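It should be emphasised that the depicted structure is a prediction, and the values quoted were computed from it without experimental measurement. Both counts, for ligands and for their atoms, begin at 1 and track the order of listing.
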Amino acid sequence: MRIRLSQFSLGYDQAGSGLPLVFIHGYPLSRRLWAAQVEALSAFALVMAVDLRGHGDSDPVPGPYSMEALADDILEFLQANQIHRPFVACGLSMGGYVALALARRHPEQLAGLILTATRAAADSPETRLNRDKAAALARQQGVQAIVESMLPRLIAARTYGERPHLLETLREIMQATSLEGVLGDLEGMKTRPDSTAFLPDLHLPVLILHGAEDQLIPLREAQAMQAALPQAHLEVIPGAGHLPNLEQPERFNQAVRRYLAGLQEKN
Ligand code: MLT
């Protein structure tokens with residue numbers, strides 16, 4: 001489905017009813033990443049998976065895409081979609097940076113937060129330089145070059161062996177990202193603020209999910225978030241790399257279901 005927002009039309013999937021649960025994909029992916037969640041979790045929540053601007057079926061608009069602008073897109077989407085109650089934001093990697101921007105700026109709009117394969121820290125100087133190199137590569141050789149450079153490190157070695165078709169699905173998802181999307185994300189991630197100092201002020205139920213074999217964002221980043229968030233529960237998903245929801249959907253969905261049940265008990 002698509003819905004018109006003030007600056008662009010946004011693609012999304014929606015299923016189920018009850019507590020709103022919004023899935024936010026990472027870079028340079030799309031809502032297709034969450035297919036197994038939309039299907040399995042719609043019995044427990046009103047599940048929505050969005051394409052961020054410049055990704056999937058959402059129109060490309062010129063960047064940079066600050067994490068705050070992407071967070072505001074989510075709020076505008078919910079308004080336009082007539083959802084007026086607090087929601088759970090589940091963000092993966094860059095989607096986690098967006099979820100943290102939502103929590104920093106609009107905690108009253110949130111019922112909970114699921115931080116998947118992400119970090120609270122800002123980019124290091126070295127990562128910033130790598131963002132510039134990636135942007136130059138994308139400008140010179142197109143999105144395809146970015147896709148091929150990232151694919152080998154996205155999922156766990158075992159996943160590649162056991163489910164080789166996942167590689168093709170991922171390639172397809174990533175190749176559908178526009179050049180504007182790739183450049184907009186890179187610039188936005190590079191300048192995002194550090195959320196570490198804010199974490200102790202975050203008074204929301206938080207679930208942290210991380211693949212044991214994540215090569216892009218090491219497990220210690222999830223452990224650091226948990227250390228700053230005493231009320232958060234960290235679940236490490238074995239046999240998964242950077243995309244635990246795709247690699248180990250049953251394990252991932254089970255953790256989310258338990259978390260949702262805990263939230264519903266409290267309310
Ligand atoms: C992502 O998966 O969204 C990115 O790898 C995050 C990042 O580059 O910091």
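Applying the salt bridge (charged side-chain N to carboxylate O under 4.0 Å, His left out) test to every pair with at least one member in residues 220-229, sequence neighbours left out, gives these pairs: Arg119-Glu221.
Distances between N or O atoms of Tyr27 and those of ligand 1 include at least one value under 3.5 Å.
Which parts of ligand 1 touch His242 is read off a 4.0 Å heavy-atom cut-off, strictly below it: atoms 1 (C), 2 (O), 5 (O). Those atoms of ligand 1 that come under 4.0 Å of a heavy atom in Met189, given as number and element, are 6 (C), 7 (C), 8 (O), 9 (O). Listed by number with element, the atoms of ligand 1 under 4.0 angstrom from any heavy atom of Gly26 are 3 (O).
Heavy-atom proximity to atom 8 (O) of ligand 1, evaluated over Arg131, Arg119, Met94, is greatest for Arg131.
Protein heavy atom at the shortest distance from atom 9 (O) of ligand 1 is Tyr97 OH, 2.6 Å. Remark: minimum distance from atom 4 (C) of ligand 1 to any protein heavy atom is reached at Ser93 OG, 3.3 Å.
Side-chain atoms of Asn81 do not come within 3.5 Å of backbone N or O of Phe77 as any donor-acceptor pair. Between the side chain of Ser58 and the main chain of Asp51, a donor-acceptor pair closer than 3.5 Å is present. Side-chain atoms of Arg251 never come within 3.5 Å of backbone atoms of Pro238 as a donor-acceptor pair (strictly under, hydrogens ignored).
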List the steps, then state whether side chain to side chain contact (heavy atoms under 4.5 Å, CB included) holds for Phe23 with Gln37. CA-CA 9 Å; Phe23 284 107; Gln37 281 67 50; 3.8 Å; yes

Apply salt bridge (Lys or Arg N to Asp or Glu O under 4.0 Å) to residues Asp59 and Arg53 and explain how you reach the verdict. CA-CA 6 Å; Asp59 300 323; Arg53 48 171 75 192; over 6 Å; no

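For the pair His25 and ligand 1, no heavy-atom separation below 4.0 Å is found.
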